[in-house]
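In this text, all values refer to a predicted model and were calculated from it rather than measured experimentally.
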Amino acid sequence: MAYIELPISHGTPHQSFSVQLDGSVYQVRLRFNSRAGHWAMDLADAGGTPLALGIAVRLGVDLLAQYSAASFPPGVLFALNWTDQYQEPDRKNMGSDVSLIFEEAL
């Protein structure tokens, strides 16, 4: 079982990148919702077809747990704050103190 840290840029409130998870390529888009005060994540397949939109990025939960379709990676995706286990991801700490970690199922 391997852990993958997603390539999040610090200080960028809107970002997109591709990442390989459990052998398949996915497109991830992160954006900070200033009105709601949290990060939202969109997940798409390699071709750009949306799989899930607006997933709230919170500590202590599997961000993909509610999705069980075969098109989703079978591992666990979670946010981890390396400096304060109770400080939720905010506009300033995402990509520095807070990382998105994927635990492969393979």
Side-chain angles (χ1 to χ4, degrees):
M1 174 174 339
Y3 291 91
I4 298 167
E5 184 174 353
L6 276 63
I8 300 170
S9 299
H10 177 262
T12 307
H14 297 88
Q15 51 191 293
S16 299
F17 53 88
S18 294
V19 64
Q20 186 170 340
L21 305 173
D22 277 320
S24 297
V25 175
Y26 295 91
Q27 294 180 20
V28 177
R29 185 176 84 152
L30 288 169
R31 64 194 181 289
F32 187 75
N33 183 328
S34 56
R35 181 178 291 179
H38 69 78
W39 285 88
M41 181 183 78
D42 299 337
L43 184 68
D45 65 15
T49 302
L51 301 175
L53 302 172
I55 301 169
V57 177
R58 301 286 188 207
L59 297 178
V61 296
D62 176 3
L63 301 175
L64 302 178
Q66 63 185 338
Y67 307 103
S68 61
S71 54
F72 285 88
V76 176
L77 179 65
F78 58 94
L80 176 66
N81 189 323
W82 299 95
T83 60
D84 181 349
Q85 66 180 341
Y86 302 109
Q87 176 64 44
E88 289 288 344
D90 60 29
R91 187 177 182 114
K92 296 179 182 177
N93 67 7
M94 181 64 94
S96 60
D97 298 339
V98 178
S99 298
L100 287 178
I101 307 292
F102 184 76
E103 178 183 0
E104 291 185 319
L106 300 175

- Task: Give a yes or no answer on whether the side chain of D97 reaches the backbone of P89 with a donor-acceptor pair at less than 3.5 Å.
- Result: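 Flag not set: sc D97 to bb P89 has no pair under 3.5 Å.
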Please find the pair of heavy atoms, one from [X] and one from [Y], that lie closest to each other, and give the distance.
| X | Y | value |
| --- | --- | --- |
| I4 | E104 | CD1-OE2, 3.5 Å |
| K92 | S96 | O-OG, 3.7 Å |
| N33 | A36 | OD1-N, 2.9 Å |

- Note on the structure: Across all chains, not counting sequence neighbours, the side chain to side chain contact (heavy atoms under 4.5 Å, CB included) partners of A69 are S71, F72
- Quick one: side chain to side chain contact (heavy atoms under 4.5 Å, CB included) partners of A65, sequence neighbours excluded?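 Partners of A65 by the side chain to side chain contact (heavy atoms under 4.5 Å, CB included) criterion, ordered by chain and then number, come out as D62.
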Donor-acceptor pairs are to be reported for all side-chain atoms of residues 40-60 against protein atoms at under 3.5 Å, with residues two or more places apart or in another chain.
residue : atom : partner : partner atom : Å
D42     : OD1  : R31     : NH1          : 3.2
D42     : OD1  : G54     : N            : 2.7
D42     : OD2  : R29     : NE           : 3.0
D42     : OD2  : R29     : NH2          : 2.9
D42     : OD2  : R31     : NH1          : 3.1
D45     : OD1  : G47     : N            : 3.0
D45     : OD1  : G48     : N            : 3.0
D45     : OD1  : T49     : N            : 2.9

- Query: Below 4.5 Å, heavy atoms only, C-beta onward: do S16 and Q27 meet side chain to side chain?
  - Reply: no
Please tabulate, for side-chain N and O atoms in residues 73-85, each donor-acceptor pair with protein atoms closer than 3.5 Å (sequence neighbours left out).
residue : atom : partner : partner atom : Å
N81     : OD1  : T83     : N            : 2.9
N81     : OD1  : T83     : OG1          : 3.1
N81     : OD1  : D84     : N            : 3.0
N81     : ND2  : D84     : O            : 3.1
N81     : ND2  : Q87     : O            : 2.9
W82     : NE1  : S99     : OG           : 2.8
D84     : OD1  : Y86     : N            : 3.0

- Task: Report yes or no: do Y3 and V98 belong to one cluster of Ile/Leu/Val/Met/Phe/Trp/Tyr joined by side chain heavy-atom distances under 4.5 Å?
- Result: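 No; tracing contacts between hydrophobic side chains, which count when under 4.5 Å, never links both residues.
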- State plainly whether one hydrophobic cluster holds both Y67 and L30, where clusters connect Ile, Leu, Val, Met, Phe, Trp and Tyr through side-chain heavy atoms under 4.5 angstrom apart.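 Yes, same cluster.
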- Sequence neighbours left out, what pairs pass ring-ring contact (aromatic ring centres under 6.0 Å, His included) with at least one residue falling in residues 6-36? F32-W39
